[in-house]
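Worksheet: the structure to be examined is printed underneath.
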Amino acid sequence: MQSMENEKQHIGEEKQHIGQLFDRIAGTYDGLNHLLSLNIDKRWRRKAVGKLAEVRDQKSEISLLDVAIGTADLTIELLQQNKAAHVTGIDLSRQMMAIGQKKVAQHGYSDKVRFDYGSAQQMPYADESFDTVTCAYGVRNFANMDEGLSEMYRVLRPGGELMILEFSYPTNPLIRWGYDLYFTHILPFVGNLFSRDKGAYSYLNRSVKNFPYGEAFCEHLRAAGFTQIKATTLTFGISTVYKAEK
Ligand SMILES: C[S@@+](CC[C@H](N)C(=O)[O-])C[C@H]1O[C@@H](n2cnc3c(N)ncnc32)[C@H](O)[C@@H]1O
């Protein structure tokens with residue numbers, strides 16, 4: 001009983017903290033993302049979505065869950081590659097989702113996307129209710145990543161696909177040096193300048209550095225129950241797409 005109470009309190013605190021952080025940077029998130037990545041982030045999302053067989057094969061009426069939907073860039077890419085799909089998005093930031101809703105409407109996809117406020121670690125969906133589950137640049141922000149991965153496994157139907165896109169660490173020493181410089185100095189400086197939030201982009205820097213990537217992350221997917229796990233690095237290993245099945 002006590003541990004359930006503790007969990008509720010923990011999730012309540014997480015909602016406040018992460019939700020508020022992303023609420024504060026929501027207005028500048030898209031612009032800074034595209035500027036600071038020189039628009040490569042769009043290509044990463046396109047490639048990541050292209051790895052999903054049912055999306056690629058234009059299978060009709062598939063039901064997708066986009067965890068940490070944020071401003072809906074991944075959802076829009078999913079719908080561009082499969083116009084028959086329906087997407088449910090969940091996120092802890094209402095401001096990020098408000099921007100996402102506007103963008104989805106501009107693309108004419110409003111009737112295909114549902115936005116839910118909530119935590120990836122305790123999702124309000126029945127077991128096995130989605131054909132595909134995705135998450136782009138979300139998992140490293142989860143207060144408890146393994147709980148989030150277990151929830152993704154629970155709501156995915158047997159045989160369904162999971163796709164996770166996240167930052168990783170380049171292996172080439174020169175690229176690694178540039179990457180460190182970028183994440184330690186350039187991103188927090190420019191981010192804090194434009195978003196007028198001193199803490200938010202420094203936090204993003206720390207969250208990228210502390211995140212297990214490559215085989216270490218595959219181990220977490222395995223522990224959650226996923227099989228057929230495959231990691232593909234993008235642009236010198238700056239990002240990695242993880243594909244897995246239930
Ligand atoms: C870096 S943004 C990524 C947004 C979007 N997926 C994209 O590709 O641009 C991270 C998002 O994760 C959300 N988030 C962080 N922790 C979460 C959690 N435990 N449950 C749901 N959403 C969460 C944040 O509110 C934020 O919108």
Side-chain angles (χ1 to χ4, degrees), residues 7-8 10-37 39-49 64-80 87-104 113-125 132-152 154-155 162-167 183 187 191 195 197 200-208 210-211 234 238-242:
E7 191 183 344
K8 271 190 195 157
H10 172 72
I11 288 176
E13 284 166 7
E14 179 214 1
K15 276 186 177 168
Q16 268 194 340
H17 176 70
I18 286 285
Q20 283 170 359
L21 184 141
F22 279 96
D23 278 349
R24 287 199 299 275
I25 63 170
T28 47
Y29 176 81
D30 280 339
L32 274 177
N33 244 3
H34 305 325
L35 173 79
L36 289 165
S37 76
N39 262 342
I40 299 175
D41 64 311
K42 290 185 183 169
R43 201 167 71 211
W44 289 338
R45 286 190 187 82
R46 198 175 319 129
K47 284 206 163 185
V49 170
L64 293 123
L65 172 67
D66 189 11
V67 181
I69 184 172
T71 58
D73 273 353
L74 189 80
T75 287
I76 291 167
E77 186 58 47
L78 284 162
L79 289 165
Q80 272 167 350
V87 183
T88 299
I90 184 165
D91 201 286
L92 282 177
S93 165
R94 294 186 196 279
Q95 298 301 325
M96 292 283 278
M97 288 195 289
I99 291 169
Q101 260 164 329
K102 276 192 201 144
K103 285 160 61 182
V104 161
V113 186
R114 188 180 119 177
F115 288 83
D116 290 332
Y117 171 75
S119 172
Q121 284 147 239
Q122 207 181 55
M123 294 196 272
Y125 311 122
T132 302
V133 175
T134 62
C135 184
Y137 305 108
V139 284
R140 70 171 196 281
N141 298 294
F142 294 176
N144 187 323
M145 182 178 76
D146 291 321
E147 277 176 18
L149 295 179
S150 293
E151 274 292 88
M152 292 185 201
R154 181 184 67 76
V155 301
L162 169 81
M163 185 281 285
I164 290 180
L165 179 61
E166 238 337 319
F167 285 111
F183 270 106
L187 177 79
S195 74
D197 186 312
Y201 279 85
S202 309
Y203 156 79
L204 288 180
N205 162 39
R206 285 196 305 281
S207 71
V208 170
N210 295 331
F211 184 71
L234 304 173
I238 294 173
S239 274
T240 299
V241 191
Y242 303 89

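Each ligand, and each atom within it, is numbered from 1 in the order the structure gives. Just so it is clear, the structure is predicted and the values come from calculations on it, not from any experiment.
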Close side-chain approach of Arg24 and Gln95, heavy atoms under 4.5 Å: no

By number and element, which atoms of ligand 1 are closer than 4.0 Å to a non-hydrogen atom of [X]?
X: Gly70; answer: 4 (C), 27 (O)
X: Asn141; answer: 10 (C), 15 (C), 16 (N)
X: Tyr137; answer: 1 (C), 2 (S), 3 (C), 10 (C)
X: Phe142; answer: 16 (N), 17 (C), 18 (C), 19 (N)
X: Ser93; answer: 25 (O)
X: Gln121; answer: 19 (N)
X: Leu92; answer: 17 (C), 18 (C), 19 (N), 20 (N), 21 (C), 22 (N)

So, the side chain of [X] versus the backbone of [Y]: is there a donor-acceptor pair under 3.5 Å, distance only?
X: Glu166; Y: Gly138; value: yes
X: Arg45; Y: Ala136; value: no
X: Gln121; Y: Glu147; value: no

Atom pair CG (Leu149) and CG (Leu162), whose distance is rounded to the nearest 0.5 Å: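 With rounding to 0.5 Å, CG (Leu149) is 7.5 Å from CG (Leu162).
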
Please report the interatomic distance CD1(Ile69) to OG1(Thr75), rounded to the nearest 0.5 Å. 3.0 Å

Do any nitrogen or oxygen atoms of [X] lie less than 3.5 angstrom from nitrogen or oxygen atoms of ligand 1?
X: Thr71; answer: no
X: Ala120; answer: yes
X: Ile90; answer: no
X: Arg45; answer: yes

Heavy atom of Ser119, distance to ligand 1 below 4.0 Å: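 For ligand 1, residue contact (heavy atoms, under 4.0 Å) with Ser119 is present.
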
Would you say the side-chain atoms of Tyr137 and Asp41 include a donor-acceptor pair closer than 3.5 Å?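 Looking only at side-chain atoms, Asp41 and Tyr137 do not form any donor-acceptor pair under 3.5 Å.
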
So, do Phe211 and Phe167 have ring centers that fall under 6.0 Å from each other? no

Side chain, backbone, both or neither: which part of Asp91 comes within less than 4.0 Å of ligand 1 when only heavy atoms are counted?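 Near ligand 1, Asp91 shows its backbone as well as its side chain.
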
Classify the contact between Val67 and ligand 1 as side chain, backbone, both or neither, using a heavy-atom distance cut-off of under 4.0 Å.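 Looking at Val67 and ligand 1, no heavy atom falls under 4.0 Å.
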
Would you say Lys103 has more than 12 foreign heavy atoms packed within less than 6.0 Å of its NZ?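 Atom NZ in Lys103 is crowded, with more than 12 foreign heavy atoms closer than 6.0 Å.
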
For atom 23 (C) of ligand 1, which candidate among Ala48, Ala68, Gly118 provides the closest heavy atom? Ala68

Where is the tightest heavy-atom contact between Ala26 and Ile99, given as atom of each residue plus distance? O-CD1, 3.2 Å

